[in-house]
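Every chain is numbered from 1, with letters handed out A, B, ... down the list of sequences. Given the structure is predicted, the values throughout are model-derived calculations rather than measurements.
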Amino acid sequence: MISLKVNGVSRQFNGDPKMPLLWYLRDELGLTGSKFGCGTGLCGACTVHVDGAAVRGCITSVQMAANKDVTTIEGLDPNGNHPVQRAWREVNVPQCGYCQSGQIMSAAALLRQNPDPSDKQIIDGMAGNICRCGTYQRIFAAVRKAAEEV
Amino acid sequence: MAAIVNLSRRDFLKGTGAATALVIGANVLPGALMREAHAQATEAQPNLFVKIANDGKVTITCSRVEMGQGVRTGIPMMLADELEADWNRVAIWQAPGDADKYDPAGKDGQNTDGSRSTRHHLDVMRELGAGARYTLEMAAAQKWGVNIQDVYAKHHRIYNSRNGQSFDYGELVDVAAGINIPAGEAAPKLRLKDKSQWKYIGKDMPVVDNYDMSTGGANYGADISIPGMKIAVIARSPVYRGKVRSFDAREALKVQGVEKVVEIPALADDKPAEFRALGGIAVIGTNTWSVLEGRRKLKISWDLGPNRVHSSRTYDNKLRKSARKGGAVVRNRGDFDRAVKGAAKVVEKEYFVPYFIHTPMEPPAAIVDANVRPVKVWASTQSPNECRQYVAEALGVEKADVECWTTLLGGGFGRKSKPDFACEAAILSKMTGSPVRVQWTREDEIQNGYYHTVSAHVMKAGLDSRGKVVAWKHSGSWPSILGLWNPQQKTGFGIEYGLGMVDVGYDNVPNIRIENGEADIHIRVGWYRSVNNIQHAYAQNCFAYELAAAAGRDPLEMLLEMIGDADNMDLAKDGVKEYWNYGDPVEDWPVMPVRLSNVLKTVAQKAGYGKKLPKGHGLGLAVHRSFHSYVATAVHVVVHDDGTFSIPQVDTAIDCGRYVNPEGIRKQIEGAAIYGNSIARWGRITTKRGAVEQSNFHDYPITRISDAPLNVRVHIVEDFVNLRPCGVGEPGVPPYTPALINAIYEATGKRIYELPIGDKIKV
Ligand code: FES
Ligand code: FES
């Protein structure tokens, strides 16, 4: 039995402790905001926070999150108004939107660690997240904008 | 009021009588439905594309599929504009696949593909909006007891021009719900707004799904769950049309959560692949992780079949030979052979472009309940009606017995117009008696997809003594998309020729010959964003640069001279038989060299072409027409001493005629540069003994923020804005790669004849 908190709610999990968080969140808890893009830690679509740090949900097992605080895109802000989310809408970032949960979670973690990142730090911090639609220019601009607010 | 159309206009009423009865509802609901609506009187539905609730909320039907191109914003904007609706009070309802009801343009059965949505829907969506506005005007006129001429609509209200009184749209619903506008000859004349009065068309609009997309609330294929649903992943043959010889599922079945392992029989040999399920071993269970674990534990012996001869190492060389040999002449102007004999200088170069795969961020997923009637499908599909058709075939039921609801698509790029994955879910649902979600993994997507074709191109040209291009020849070979329907297909076909090959815009070159050689097909070749335009634009633009160098001339000047400024290029005169013009008549969307030269000049000026650049810098140009749009790109590259390179600026000029959402255009063009950058830098799928060698983003990389151009400037060219709307989703891609490669040449003197470039330029 594994205990963990997801978006502030205590949860118990009895299944395979090796199950990646991504599938636990999506299939067991119905939190489908975290996305499956590669399953191997290469694209960032599944990014969630574990104790505030960005991790790839597809290669982080439930066991690794035992007794920790998991935050998903659904729990980032109660009204969806985290500065990063607001910046994302102001810059009109999304195209298909599929990568954007992961992008936003990566950006939020980046800005929490480093509220005033340099251009290079933004690029390094976001390089683990692929956007196939190619919204990088706006992602960059939105992280900049959010950095002014946090 | 510029345009007046007849409300009874029925040129979009294609199909059967039954269909017509419903589609008449596109203008006027049938009486019975109308009375029912009246009885409730809480909403009025002037047609199938707009509903007005008594609180004034307007719901607009989107019948096109959203995959990031902004169609759920752009298409409703057209209707909302004519309706004089307040955009803040508009909601969008996503129509299911039902071409009888939801294909108002009657052109493609809701297949959201080919950059068609805007150009085929601007007129009809405006008419539907104007029809709904007319209903509200009539309702207000009735309430006031005045003539309809005495009322007008403005921003969600109908005004009485005699006394200045007004009603909110919501206040008119009770009366509007009972209005049955006559159809046929008795139909009233509809007034369309003059473009000077447009409130949304032509103005920036953020996408309607922004909030959901930024909060995790947006639903894609795999986000749909229905009661009793099982999850399945499938092990498919590594080689196209290989078959299961035997399999052992014992270990797989031991995995907690795995419930069943079943075989989807291989598609019969006499059936072409099309969009059908090809077969494999499915692992079915209660959650995705379990079935993935189960699949890893399967032991399968494959009969790989004849396509195991397909190895890039040998196949590619055959393709090059075929292109050298040439074949069917698909365009012939003047006399190339004679002209080249008389030329002062002859240049010949070869270009090669490998297979690509789509890698939409969301791998394909579909949910099917095959055990109810109608059968229910939820799928991330671009083409819900073809999805219904193929699912029906897979189940042995009528298409009318299959319902298909589309989700948002996490990217499509042509992959998701092929509903093979929904067929798999349908077959499994029928076999197991439960609703089934089939989940593709990234490895599945890369190894079992529909590949952008590999191609070889031989370009040859003659220059006269003053350096003018007098003869141009392009000979290309590739395995054809037609192989999906005819596995024995050896050559390309009209659509592939029309994708930027026979319509090459060098209209001032007096002798042009374009040929197509043969190629065997060993894999599913399918369309991919921009399709064959990618390799055609690459070979043409890079070769033109090569010719400029051979002539010692400036490439921009040379390109402009080759293109000229004619306002029509008649391909029929050059022996092009049945030129395929993106499915549209050339009278409506002619090939216009003047628009090519215009965007090229624009981009050169915006990018500061001609100014002296520091060492290691280069500015490269390319221009191409595709999907009726004219796009020129200037890439500024910096090549560092170690061969790595960065791209400080990209300028793209696009002339897409009349446009709807400029913000949407900018986003598509920004994204096209990145898409092009992935192609140019990384795109390569290879096969070995029939199997695709790549499997995930480590060996099939996609441009990341760290190698992306982050300063893409988009210039929407207005000179031909009064002409018909053209495509936007795809046309930005083709010119990017040649512009980058030409820039690298300017920076280093190095030519690149084969894609991809890789992470470094080997100087
Ligand atoms: S799905 Fe987890 S990194 Fe791609
Ligand atoms: S918005 Fe489509 S993958 Fe990023």
Highest number of heavy-atom pairs under 4.5 Å with chain A: which of B:K667, B:E670, B:E293?
B:K667
Within the supplied structure, the quantity of interest is the number of heavy atoms (other residues, nucleotides, ligands) at a distance under 6.0 Å from B:K203 NZ; does it exceed 12?
yes
Is the backbone N or O of B:G221 less than 3.5 Å from a side-chain atom of B:E362, with the two atoms forming a donor-acceptor pair by type?
yes
Do B:R666 and B:D204 touch side chain to side chain, with heavy atoms closer than 4.5 Å?
yes
By number, which residues in residues 251-259 of chain B have some heavy atom less than 4.5 Å away from chain A?
B:Q256
Measuring heavy-atom distances to chain B, does A:V93 have an atom under 4.5 Å in its side chain, in its backbone, in both, or in neither?
backbone
Between the main-chain N or O of B:V712 and the side-chain N or O of A:Q137, is there a donor-acceptor pair closer than 3.5 Å?
yes
Top residue by heavy-atom pair count (under 4.5 Å) with chain B, among A:K120, A:E74, A:M19?
A:M19
When the 4.5 angstrom heavy-atom criterion is applied to A:R138 and chain B, the contacting part is side chain
Donor-acceptor contact below 3.5 Å, side chain A:H49 vs main chain A:M105:
yes
Is a side-chain donor-acceptor pair under 3.5 Å present for B:E443 with B:N696?
yes
Run A:Q12 and A:N14 through side-chain hydrogen bond (donor to acceptor under 3.5 Å, both in side chains) and show every step you take.
CA-CA 7 Å; A:Q12 260 76 44; A:N14 266 324; over 6 Å; no
Please flag which part of B:S225 lies under 4.5 Å from any non-hydrogen atom of chain A: side chain, backbone, both or neither.
neither
Look at A:P94, A:C43, A:A45, A:G80 and state which one has the largest set of heavy-atom pairs under 4.5 Å with chain B.
A:P94
Tell me if a side-chain donor or acceptor on A:R132 pairs with a main-chain N or O of B:G411 at a distance below 3.5 Å.
no
Heavy-atom pairs under 4.5 Å with chain A, option from B:D223, B:N677, B:I446 with the top count
B:D223
Are side-chain N/O atoms of A:N114 and A:Q121 paired as donor and acceptor at under 3.5 Å?
yes
Does B:R296 CZ have over 12 foreign heavy atoms under 6.0 Å away?
yes
Based on non-hydrogen pairs under 4.5 Å, which of A:N81, A:I123, A:N92 is most in contact with chain B?
A:N92
Of all of B:R529, B:E66, B:H698, which one pairs up most often with chain A through heavy atoms under 4.5 Å apart?
B:H698
Are B:D651 and B:R713 close enough for a salt bridge, meaning some N to O gap below 4.0 Å?
yes
Please assess B:R681 against B:T703 for the test side-chain hydrogen bond (donor to acceptor under 3.5 Å, both in side chains), listing each intermediate value before the final yes or no.
CA-CA 8 Å; B:R681 269 195 144 151; B:T703 284; 6.0 Å; no
Relative to chain A, which segment of B:T286 carries a heavy atom at a distance below 4.5 Å: side chain, backbone, both, or neither?
neither
Measuring heavy-atom distances to chain A, does B:Q439 have an atom under 4.5 Å in its side chain, in its backbone, in both, or in neither?
side chain
Which bit of B:M67 is near chain A, if near means a heavy-atom gap under 4.5 Å: side chain, backbone, both or neither?
backbone
What residue in A:G128, A:C131, A:P20 has the most heavy-atom pairs under 4.5 Å with chain B?
A:P20
Go through the atoms of A:L76 and report whether side chain, backbone, both or neither lie under 4.5 Å from a heavy atom of chain B.
neither
Which portion of B:N219 sits near chain A, non-hydrogen atoms under 4.5 angstrom
side chain
For the residue pair B:V65 and B:L409, establish whether any side-chain heavy-atom pair is separated by less than 4.5 Å.
yes
Please answer whether the main-chain N or O of B:G70 pairs with a side-chain N or O of B:N661 as donor and acceptor at a distance below 3.5 Å.
no
With a 4.5 angstrom heavy-atom cut-off, which part of A:D27 approaches chain B: side chain, backbone, both or neither?
side chain
Winner by heavy-atom pair count (cut-off under 4.5 Å) against chain A, out of B:P363, B:A218, B:P709, B:G217
B:P363
Heavy-atom cut-off 4.5 Å, strictly under: side chain, backbone, both or neither for B:P360 against chain A?
backbone
At a heavy-atom separation under 4.5 Å, does B:M205 approach chain A through its side chain, its backbone, both, or neither?
backbone
Best-contacting candidate, A:Q100, A:H82, A:Q85, A:R89, against chain B by heavy atom pairs under 4.5 angstrom
A:R89
Could you name the residues of residues 28-42 of chain A that have a heavy atom within less than 4.5 Å of a heavy atom in chain B?
A:E28, A:T32, A:G33, A:K35, A:F36, A:G37, A:C38, A:T40, A:L42
Would you say the side-chain atoms of B:Q382 pair up with the backbone N or O of B:D113, donor to acceptor, closer than 3.5 Å?
no
Are any side-chain N or O atoms of B:R415 and backbone N or O atoms of B:G449, one a donor and one an acceptor, separated by less than 3.5 Å?
no
Contact class of B:F413 relative to chain A, heavy atoms under 4.5 angstrom:
side chain
Heavy-atom distances under 4.5 Å only: say whether B:I674 touches chain A with side chain, backbone, both or neither.
side chain
Top contributor to chain B contacts, counting heavy-atom pairs under 4.5 Å, from A:G134, A:G97, A:C96, A:A141
A:C96
Step by step, would you call B:W682 with B:D707 a side-chain hydrogen bond (donor to acceptor under 3.5 Å, both in side chains)?
CA-CA 11 Å; B:W682 311 116; B:D707 69 299; 3.0 Å; yes
Without swapping roles, check the side chain of B:D209 against the backbone of B:D212 for a donor-acceptor pair under 3.5 Å.
no
A:D124 versus chain B, heavy atoms under 4.5 Å apart: side chain, backbone, both or neither?
neither
On the 0 to 90° scale, with breaks at 30° and 60°, tag the B:W87-B:Y200 ring pair as parallel, tilted or perpendicular.
tilted
Cationic tip of A:R26 within the cone over B:W289's six-membered ring, i.e. under 6.0 Å and within 45° of the normal?
no
Are A:D77 and A:R86 close enough, and set up right, to give a salt bridge (Lys or Arg N to Asp or Glu O under 4.0 Å), and what steps lead you there?
CA-CA 11 Å; A:D77 179 271; A:R86 274 188 279 126; over 6 Å; no
Give, as side chain, backbone, both or neither, the part of B:A222 having an atom under 4.5 angstrom from any heavy atom of chain A.
both
So A:S3 and A:N67, side-chain hydrogen bond (donor to acceptor under 3.5 Å, both in side chains) or not? Walk me through it.
CA-CA 5 Å; A:S3 303; A:N67 305 316; 4.8 Å; no
Residue selection (most heavy-atom pairs with chain A, distance under 4.5 Å) from B:E663, B:Q668, B:Q69
B:E663
Chain A heavy atoms under 4.5 Å from B:R437: which part of the residue, side chain, backbone, both or neither?
side chain
Return yes if some donor-acceptor pair links the side-chain N/O of A:R144 with the main-chain N/O of A:P117 below 3.5 Å, else return no.
yes
